[in-house]
**Q** 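Could you have a look at this structure, given as structure tokens, before my questions?
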Amino acid sequence: MTNHHTLRPVRVGGLDLPNRFAVAPMTRVSAAPDGTPTREMAEYYERYAEGGFGLVITEGTYTDTANSQGYLNQPGIVSATHVSAWREITGKVRAAGSRIVLQLMHAGALSQGNPYRAGTVGPSAVRPRAEMLREYGGSGSWPTPREMTGADIEAAIGGFVASAVRAREAGFDGVELHGANGYLLDQFLTDYTNRRADSYGGPVANRIRLTAEVVAAIRAELGADFCLGVRLSQGKVNDFGHRWPGGAADARIIFAALAAAGATYLHIASEGRDWIETARLDGGVTITSLARQVSGLPVIANGGMHDLSQAAQVLSGGHADLLSIGRGALANPDLPRRVSRSLPLETYDRRILEPMATLRNARQRLQGMRRVRHPA
Ligand SMILES: Cc1cc2nc3c(=O)[nH]c(=O)nc-3n(C[C@H](O)[C@H](O)[C@H](O)COP(=O)(O)O)c2cc1C
């Protein structure tokens, strides 16, 4: 195991990483009510670094005091208080030998808890599919969003750029735009949520425009060397089965646009499914290898990568450069250390996220499960 492909160093987005394991972004709704990250969050992120993850990608973090916040107790990066609390976290993670990237997220129409504004916004006034997410404190159907104006779009781009600047101040090694899973940037990319008649709507080259503009605006502000990833997915938290209607042809246009705008890595999420189920596009090519080929950028694959034989295959087959791990990391915050020592992995138990995905809830659940396994 010590020679496992996953343990080889790699350079991604200008960052030298000791191995191929990244913590996938995971919302834990455990910040203070004003969005300030807590000490509990610092300990949570530090544990992954101590457990050997080369890269930690944070949970989706809101970017403005208007419509970006998605959940109550979601962390933000919109104030000096947020910056200094995040600085504690980046300091701990970096001191333990990992790199840390902040995921920037605008929830758009999938907002279910935002103290700054009543109502939601989106590319078009289309009510989102399915229901709000219980694990983050929501219930019932989503409200229909207000269609964003040109000024709303400019303000949203401005929020991303100012947040990237603050992320650098807070000691992050880079930022990742949340363009996946059904949130604002993905709402623009998705044909059925984007019915716009302007230059942001219509063909896929227009629907990826907003994400590309955010990338270009951050790049212009922070210079050529800043690590700036983009996360994309076909599936969504409220529509797991969605696939890009144009398949590989759409994928080529999307990946090329983001590379041209100045992204330094692409991260392909497999929302709700394993990589193997979501990766195949028409023609048999995998979505991650196509992303590498078209963009020329390093690519992070996701979805069940705690299955180490799949992980090794993805790397050796040239499908990706790095692997992000979500549920497997919740169960094994020290997964890379275990792999390097050939130790078995714990199985993920979904009850640690029930009834809500908070850190406190997970801690209590884990204590309870250990008591059952090892009664005193
Ligand atoms: C509790 C939880 C919270 C998540 N929050 C986010 C998030 O904030 N941003 C994001 O891009 N994906 C989020 N995801 C999706 C994961 O990053 C990942 O794509 C998914 O869990 C599949 O990977 P896995 O098979 O390794 O778990 C979340 C997943 C879980 C389980």
Side-chain angles (χ1 to χ4, degrees), residues 6 20-31 37 41 44-45 48 53 55-63 68-71 73-77 101-108 110-113 133-138 175-186 211 229-238 240 266-279 287-288 300-308 310-311 314 320 322-333 335 345-362 365:
T6 53
R20 308 301 180 96
F21 289 115
V23 180
M26 280 182 286
T27 291
R28 304 309 303 274
V29 284
S30 295
M41 286 169 62
Y44 164 76
Y45 283 116
Y48 290 127
F53 280 92
L55 180 67
V56 175
I57 306 171
T58 73
E59 62 207 278
T61 298
Y62 68 84
T63 53
S68 63
Q69 186 170 349
Y71 316 109
N73 298 100
Q74 181 186 11
I77 181 85
V101 160
L102 183 69
Q103 191 184 55
L104 298 179
M105 164 172 164
H106 191 308
L110 296 193
S111 171
Q112 57 184 45
L133 309 176
R134 274 188 308 122
E135 63 271 34
Y136 308 140
V175 296
E176 174 177 291
L177 297 182
H178 196 345
N181 299 356
Y183 296 100
L184 182 76
L185 298 176
D186 189 38
T211 311
V230 180
R231 193 170 211 223
L232 300 161
S233 66
Q234 299 193 89
K236 310 174 194 310
V237 290
N238 62 333
F240 290 137
L266 299 177
H267 184 177
I268 311 297
S270 295
E271 184 56 45
R273 300 280 188 276
D274 277 1
W275 176 86
I276 204 71
E277 293 176 54
T278 58
I287 188 168
T288 47
I300 308 179
N302 168 252
M305 292 298 163
H306 52 272
D307 171 346
L308 297 174
Q310 173 181 246
V314 167
L322 199 66
L323 311 164
S324 74
I325 302 192
R327 292 161 300 170
L330 293 176
N332 303 275
L335 186 144
L345 299 183
E346 297 287 337
T347 309
Y348 166 73
D349 185 330
R350 59 179 304 160
R351 284 175 301 170
I352 63 171
L353 301 180
E354 292 170 358
M356 274 187 66
T358 60
L359 295 176
R360 185 169 181 198
N361 188 49
R365 288 273 179 179

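Fair warning: this is a prediction, and the values are worked out from it, not measured in the lab. Quick note: residue numbers are just sequence positions, from 1. In each ligand, atom 1 is the first atom listed, and ligand 1 is the first ligand listed.
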**Q** Check Arg231 against ligand 1 and report side chain, backbone, both or neither, counting heavy atoms closer than 4.0 Å.
**A** side chain
**Q** Answer with side chain, backbone, both or neither: which part of Thr27 has a heavy atom less than 4.0 angstrom from an atom of ligand 1?
**A** both
**Q** Does Thr278 reach the main-chain N or O of Ser270 with its side chain, forming a donor-acceptor pair under 3.5 Å?
**A** no
**Q** Show me which atoms of ligand 1 lie under 4.0 Å from any heavy atom of Leu353.
**A** 1 (C)
**Q** Hey, which atoms in ligand 1 end up nearer than 4.0 Å to a heavy atom of Gly326?
**A** 24 (P), 26 (O), 27 (O)
**Q** Does ligand 1 have any atom that is closer than 4.0 Å to a heavy atom of Gly303?
**A** yes
**Q** When you compare the side chain of Glu59 with that of Pro75, does any pair of heavy atoms fall below 4.5 Å?
**A** yes
**Q** Heavy-atom contacts under 4.0 Å between His178 and ligand 1: side chain, backbone, both, or neither?
**A** side chain
**Q** I'd like to check which ligand 1 atoms, numbered from 1 as shown, lie under 4.0 Å from a non-hydrogen atom of Asn181.
**A** 10 (C), 11 (O), 12 (N)
**Q** Distance under 4.0 Å to a non-hydrogen atom of Gly60: what atoms of ligand 1 satisfy this?
**A** 8 (O)
**Q** Quick one: do Glu135 and Met356 satisfy side-chain contact (heavy atoms from CB on, under 4.5 Å)? Show the steps, please.
**A** CA-CA 4 Å; Glu135 63 271 34; Met356 274 187 66; 5.6 Å; no
**Q** Check whether any side-chain heavy atom of Arg28 sits under 4.5 Å from a side-chain heavy atom of Thr358, and report yes or no.
**A** no
**Q** Are the side chains of His178 and Pro25 in touch, meaning some heavy atoms are under 4.5 Å apart?
**A** no
**Q** With side chain to side chain donor-acceptor pair (under 3.5 Å) as the test, would you mind laying out the steps for Ser324 and Asn302 before giving the verdict?
**A** CA-CA 5 Å; Ser324 74; Asn302 168 252; 3.1 Å; yes
**Q** Heavy-atom distance to atom 3 (C) of ligand 1: which of Tyr136, Tyr71, Trp275 wins?
**A** Tyr136
**Q** When you measure from atom 16 (C) of ligand 1 to each heavy atom in Ala22, Ala269, Pro25, which option holds the nearest one?
**A** Pro25
**Q** As an exercise, identify every atom of ligand 1 less than 4.0 angstrom from a heavy atom of Ile325.
**A** 26 (O)
**Q** Could you say whether the N/O atoms of Ser270 and ligand 1 ever approach to under 3.5 Å?
**A** no
**Q** With heavy atoms of Gly304 as the reference, note each atom of ligand 1 found under 4.0 Å away.
**A** 24 (P), 25 (O), 26 (O)
**Q** Could you list the atoms of ligand 1 found under 4.0 angstrom from a heavy atom of Arg327?
**A** 24 (P), 25 (O), 26 (O), 27 (O)
**Q** Heavy atoms only: give me the nearest Met26-Tyr45 pair and the separation to one decimal.
**A** O-OH, 4.4 Å
**Q** Going by the atom numbers of ligand 1, which of them fall below 4.0 Å from some non-hydrogen atom of Gln103?
**A** 7 (C), 8 (O), 9 (N), 10 (C), 11 (O)
